[in-house]
Amino acid sequence: MMIALDIRVGFGAPLRTSNVSLTAMNIGQTAGYAGANHVLRLDEHFHDYVELQDWSAFPSLPAVPWFPHRPTFTPVASKKPSADIAGTLGEGATAIVLKRLARLQTIQIVTLEVSRTAKTPDFAMQLSANWMQTAQLQAPAGIPAAPQWWPVEAKACQTAGSRMTSAAWKGFQQLVSYWRRILATSPSDVGFGIVVVFKYDNLATSPPRLSAHIFLPRNQALIRTQLAAARVVSRAKATFLNGNMLHGV
Amino acid sequence: MASELPKGLPEFFVLSRQALWAGDRVRARGYLTRAEELVSPRASRRVNQYASLEDIVAADIEKIRRELDRLEARSENGDLAAGADENPYVSSTALSGVVYGDGFGQFYMRAYLAKLDIEDKFREAVDLAAATGSKVAIREDVEGPEEPEDQKDDSPELGDASREWIDASEFPKVQVHVGEFTLVEARCGWCPLPESGEKVRDRFAAVLRSIDPLE
């Protein structure tokens with residue numbers, strides 16, 4: 001199916017909106033390879049979660065007569081999509097979208113393991129110095145030399161609007177955590193990263209949508225100063241949302 | 001120092017991930033060993049102490065190796081492979097795969113490109129095989145298109161690289177899918193049943209050769 005993809009710098013207005021073709025077979029295989037969770041038959045999940053419209057794969061369950069309606073015993077009203085499955089589909093969509101957008105080879109996308117003890121990016125992607133030009137995107141002027149390998153976060157959310165923005169901020173927070181960790185060894189790499197959000201619900205009024213957020217430093221010295229501050233990760237939005245440090249933020 | 005990875009490390013790490021996806025644990029371990037040899041001595045292998053991208057990859061190598069050890073300890077009684085007492089591995093010059101039994105007379109293969117520097121040539125070979133093979137009916141063929149044609153304005157650089165076709169060059173027909181990455185899935189049904197697992201492996205090996213640019 002065709003899914004609209006908005007590509008933006010930071011949280012700015014889309015630089016470009018394209019349609020991306022995602023098939024159940026393709027995303028099923030890619031998410032099975034690139035996703036962190038071990039899930040079988042992701043193509044079938046993609047069909048039920050994304051291709052079918054208006055939750056038709058998740059029918060409401062009939063009421064159970066005489067069931068005692070107490071707060072502690074509420075009968076299941078309907079099956080729901082799983083956040084972990086949706087997250088894995090988001091990882092697959094992210095790998096596909098960025099591989100196509102930046103014309104990457106398989107060797108340029110390294111899937112990283114999820115850690116419970118430290119926030120690590122979902123992917124490291126080797127992007128050429130002119131990858132934005134290749135992707136027909138206008139980069140802001142005055143960007144410092146970018147790293148070879150960029151951290152990439154994949155996020156999934158069910159509904160559009162503020163949920164998508166909120167998911168992007170969560171991904172950004174994880175980038176901030178990564179930048180803070182590499183600050184001592186790679187100070188020139190802070191501020192660079194990508195977050196892709198996959199809104200997967202397919203409603204007649206709101207079809208699935210992808211949003212790619214490219215983070216580019218405006219003032220790396222200031223970013224480095226802020227990264228050294230205590231609790232910068234949990235306060236990432238408040239700290240960085242001032243337009244001084246990153247383009248489009 | 002910028003976020004760089006030692007030369008060759010991404011290749012062997014990606015190959016190990018592909019081999020794991022295919023269920024090729026033997027080669028996955030070999031690739032992991034090659035990758036680990038390229039990790040700098042200074043890299044930390046503890047993810048909660050990472051200070052660079054290389055530290056994360058080094059920690060991942062350790063983690064995957066531990067998972068492989070556990071898997072191998074559990075797989076003494078065989079797994080989904082074509083037969084626990086038979087060799088499930090199949091390959092061509094540049095592609096490696098594993099064959100699985102998938103129900104009565106049904107077989108399935110997962111394979112991957114083991115020489116990542118020839119991805120472009122591999123894509124060309126896949127495009128050619130897909131063009132000469134028979135088309136696979138997809139859901140849209142049965143249920144109708146989901147979008148009007150005028151919405152299918154995919155710009156060239158966002159084009160779908162995946163291909164799916166039926167290879168009918170030999171008996172039995174094989175349904176082949178090559179996705180966005182250098183990964184191959186293939187299925188076939190045997191009626192009558194094959195005389196041996198070797199027949200099944202030979203059929204899948206022929207599919208691999210048909211899309212292998214080095215053959």
Side-chain angles (χ1 to χ4, degrees), chain A residues 1-2 5 16 18-30 32-34 47 51 53 92 95-97 99-103 105-113 115-118 120-121 124 126 134-136 145-151 178 181-189 192, chain B residues 1-5 9-11 13-15 17-18 20-22 46-57 59-61 63-64 67 110 112-113 116-117 119-120 122 136 138-140 145-147 151-155 157-162 164 177-185:
Chain A
M1 71 183 299
M2 288 291 171
L5 163 70
R16 172 181 152 187
S18 296
N19 282 331
V20 179
S21 165
L22 293 180
T23 64
M25 276 294 281
N26 197 8
I27 201 162
Q29 185 191 74
T30 304
Y33 161 67
H47 183 63
E51 290 182 326
Q53 206 171 56
I96 288 174
V97 161
K99 191 172 191 291
R100 291 181 191 170
L101 190 66
R103 298 185 191 179
Q105 302 270 303
T106 296
I107 196 173
Q108 293 174 292
I109 301 177
V110 173
T111 304
L112 302 171
E113 294 282 302
S115 164
R116 292 183 184 188
T117 53
T120 55
Q126 189 181 34
T134 303
Q136 297 170 17
Q148 265 198 47
W149 290 90
W150 290 47
Y178 174 76
R181 292 279 197 142
I182 64 162
L183 180 60
T185 58
S186 310
S188 59
D189 293 353
F192 291 95
Chain B
M1 188 187 71
S3 291
E4 290 176 4
L5 292 172
L9 177 56
E11 180 181 358
F13 189 63
V14 168
L15 283 172
R17 300 296 303 237
Q18 291 197 155
L20 282 172
W21 172 84
R46 302 178 70 174
V47 75
N48 57 356
Q49 291 177 8
Y50 86 83
S52 69
L53 179 59
E54 187 183 359
D55 287 352
I56 301 175
V57 175
D60 283 353
I61 290 171
K63 185 179 175 191
I64 296 169
E67 286 167 359
R110 280 188 168 192
Y112 59 95
L113 184 67
L116 293 174
D117 57 336
E119 182 170 347
D120 287 340
F122 171 67
V136 177
I138 57 174
R139 275 198 171 103
E140 283 78 359
E146 297 195 4
E147 288 91 16
Q151 284 188 21
K152 297 194 172 182
D153 62 343
D154 220 8
S155 21
E157 69 276 22
L158 295 182
D160 188 348
S162 67
E164 193 173 13
H177 174 256
V178 179
E180 206 75 21
F181 287 76
T182 45
L183 306 172
V184 184
E185 287 173 272

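Throughout, a chain's letter reflects where its sequence line sits, starting with A, and its residues are numbered from 1. Computed from a prediction, not measured in an experiment: that's the story for all the values here.
To the nearest 0.5 Å, the span separating CD1 on B/I61 from CD on A/E113 amounts to 11.0 Å. Between the CG atom in B/L183 and the OG1 atom in A/T30 there is a gap of 7.5 Å [rounded to 0.5 Å]. Between the CD atom of A/Q29 and the NE2 atom of B/H177 there is a distance of 5.5 Å, given to the nearest 0.5 Å. Remark: B/D120 CG to A/Q105 CD distance equals 4.5 Å, nearest 0.5 Å. In this structure, OG1 on A/T185 lies 10.0 Å from CD on B/E54, to the nearest 0.5 angstrom. The distance from the CG atom of B/L158 to the CE atom of A/M2 is 10.0 Å, given to the nearest 0.5 Å.
Both the backbone and the side chain of A/Y178 come within contact range of chain B, each with at least one heavy atom under 4.5 Å from a heavy atom of that chain. Heavy atoms closer than 4.5 Å to chain A are found in both the backbone and the side chain of B/F181. For B/Q18, the parts sitting under 4.5 Å from any heavy atom of chain A are the backbone and the side chain alike. Heavy-atom distances place both the backbone and the side chain of B/L5 under 4.5 Å from chain A. Contacts of B/I56 with chain A are made by side-chain atoms alone, with heavy-atom separations under 4.5 Å and no backbone atom involved. Proximity to chain B (any heavy atom under 4.5 Å) is shown, for A/I109, by both the backbone and the side chain.
B/P10 and A/W149 get closest at one heavy-atom pair: CG-CZ2, 3.5 Å. Nearest heavy atoms, A/A118 versus B/N48: CB-CA, 3.8 Å.
Contact count versus chain B (heavy atoms, under 4.5 Å) is highest, among A/T120, A/V110, A/L183, for A/T120. Comparing B/G179, B/A22, B/A51 by heavy-atom pairs within less than 4.5 Å of chain A, the highest count is held by B/A51. Note: B/D60 leads B/D60, B/D117, B/L113 in heavy-atom pairs under 4.5 Å with chain A.
Distance alone, capped at 3.5 Å, places no donor-acceptor pair between the B/R17 side chain and the A/L112 backbone.
With respect to the salt-bridge test (charged N to carboxylate O, under 4.0 angstrom), the residues B/E180 and A/K99 do not qualify.
A 4.5 Å side-chain heavy-atom check between B/V14 and A/T106 finds at least one atom pair inside the cut-off.
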